[in-house]
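Below is one structure; the comments refer to it alone.
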Amino acid sequence: MLDEDTVLGLTKKLLDCIPTDWNTYASLCDENMTAFEPEACGSRVDGLGFHEHYFQSAKEAPPGAAPRIHQTIVSPAVRKIGPEGCIVTYVRIVQVATKSGEHQSLAFEETRVWERRPGSKYGWVHVHFHRSRVPASYTNSS
């Protein structure tokens with residue numbers, strides 16, 4: 001049985017820990033996770049090393065250098081794929097406030113694949129995601 005609230009909660013937990021809590025992120029993800037995302041410039045990313053770099057960079061940034069970020073999951077949907085997996089789809093709105101006071105909103109279409117793993121810390125493990133930026137012309141139209 002799929003508990004949609006559990007998987008959506010884990011997805012939110014995953015997003016909330018980016019880019020400051022590597023330990024939580026790594027505990028939610030399979031060590032061989034795959035991803036397609038804008039930062040990979042059209043290539044598939046295998047494993048967690050690519051992602052760990054961004055967490056390490058955030059950790060090494062001077063105090064106050066990181067922008068304040070607020071994220072919202074819009075129109076989430078969860079679909080079961082077999083007895084041990086599910087796909088979560090949504091649009092993620094990222095609101096950024098920089099140190100200089102500038103504000104910007106970005107939108108991303110995201111698909112996350114979760115696999116049920118009873119022995120894992122949370123019972124589910126994130127195994128793949130695909131993230132695409134929504135062009136500003138779509139998000140800023142009236």
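The first residue of the sequence shown is numbered 1, and numbering continues consecutively from there.
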Requested in this report: Determine, using the 4.5 Å side-chain heavy-atom cutoff (strictly less than), whether Leu14 and Leu8 are members of one ILVMFWY cluster.
Outcome: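 Same cluster.
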Query raised in the report: Do the side chains of Leu10 and Leu15 join up, straight or via other hydrophobic residues, at under 4.5 Å, putting them in one cluster?
Result: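 As far as the 4.5 Å side-chain criterion goes, Leu15 and Leu10 are connected within one cluster.
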What are the two closest heavy atoms between [X] and [Y], and how far apart are they?
{"X": "Gln95", "Y": "Ser105", "result": "CG-OG, 3.7 Å"}
{"X": "Ile93", "Y": "Ala107", "result": "CD1-CB, 3.8 Å"}
{"X": "Gly123", "Y": "Ser120", "result": "N-OG, 3.1 Å"}
{"X": "Arg133", "Y": "Gln104", "result": "NH2-NE2, 4.4 Å"}

Report task. Under the side chain to side chain contact (heavy atoms under 4.5 Å, CB included) rule, what do Asp3 and Val7 come out as? Steps first, then yes or no, please. Result -> CA-CA 7 Å; Asp3 178 2; Val7 176; over 6 Å; no
Query - Residues that His53 engages under ring-ring contact (aromatic ring centres under 6.0 Å, His included), provided they are two or more places apart - result: none
Approximate separation, where rounding is to 0.5 Å, of [X] [atom1] and [Y] [atom2]:
{"X": "Ile73", "Y": "Arg112", "atom1": "CD1", "atom2": "CZ", "result": "8.5 Å"}
{"X": "Glu115", "Y": "Ile81", "atom1": "CD", "atom2": "CD1", "result": "9.0 Å"}
{"X": "Cys17", "Y": "Phe55", "atom1": "SG", "atom2": "CZ", "result": "5.0 Å"}
{"X": "Phe36", "Y": "Thr111", "atom1": "CZ", "atom2": "OG1", "result": "12.0 Å"}
{"X": "Glu110", "Y": "Phe129", "atom1": "CD", "atom2": "CZ", "result": "7.5 Å"}
{"X": "Arg92", "Y": "Thr72", "atom1": "CZ", "atom2": "OG1", "result": "10.5 Å"}

Query raised in the report: Do Gln56 and Trp22 have side chains that get closer than 4.5 Å, going by heavy atoms?
Result: no
Query raised in the report: Where does the angle between the aromatic ring planes of Tyr25 and His51 fall among parallel (under 30°), tilted (30 to 60°) and perpendicular (over 60°)?
Result: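 Rings of Tyr25 and His51: tilted, as their planes differ by 30° to 60°.
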Query raised in the report: By side-chain contact (heavy atoms from CB on, under 4.5 Å), which residues pair with Asp46, not counting sequence neighbours?
Result: Thr34, Arg44
Query raised in the report: Who are the salt bridge (charged side-chain N to carboxylate O under 4.0 Å, His left out) partners of Arg79, not counting sequence neighbours?
Result: none
**Report entry** For Glu39, salt bridge (charged side-chain N to carboxylate O under 4.0 Å, His left out) partners two or more places apart
**Finding:** Arg131
Report task. Quick one: list whatever passes side-chain hydrogen bond (donor to acceptor under 3.5 Å, both in side chains) with Lys13, sequence neighbours left out. Result -> none
**Report entry** Chi angles and distances behind the side chain to side chain contact (heavy atoms under 4.5 Å, CB included) call for Ser75, Val91
**Finding:** CA-CA 7 Å; Ser75 302; Val91 171; 6.0 Å; no
Requested in this report: Starting from the C-alpha separation in whole Å, work towards a yes-or-no answer on side chain to side chain contact (heavy atoms under 4.5 Å, CB included) for Asn23 and Asp21.
Outcome: CA-CA 6 Å; Asn23 290 332; Asp21 185 353; 3.9 Å; yes
Query raised in the report: Got a donor-acceptor contact below 3.5 angstrom from the Glu31 side chain to the Gly47 backbone?
Result: no
Query raised in the report: Is the backbone of Thr24 close enough, under 3.5 Å, to the side chain of Ser27 for a donor and an acceptor to pair up by distance?
Result: yes
**Report entry** Pairs satisfying ring-ring contact (aromatic ring centres under 6.0 Å, His included), at least one member in residues 80-118, at least two apart
**Finding:** Trp114-His126
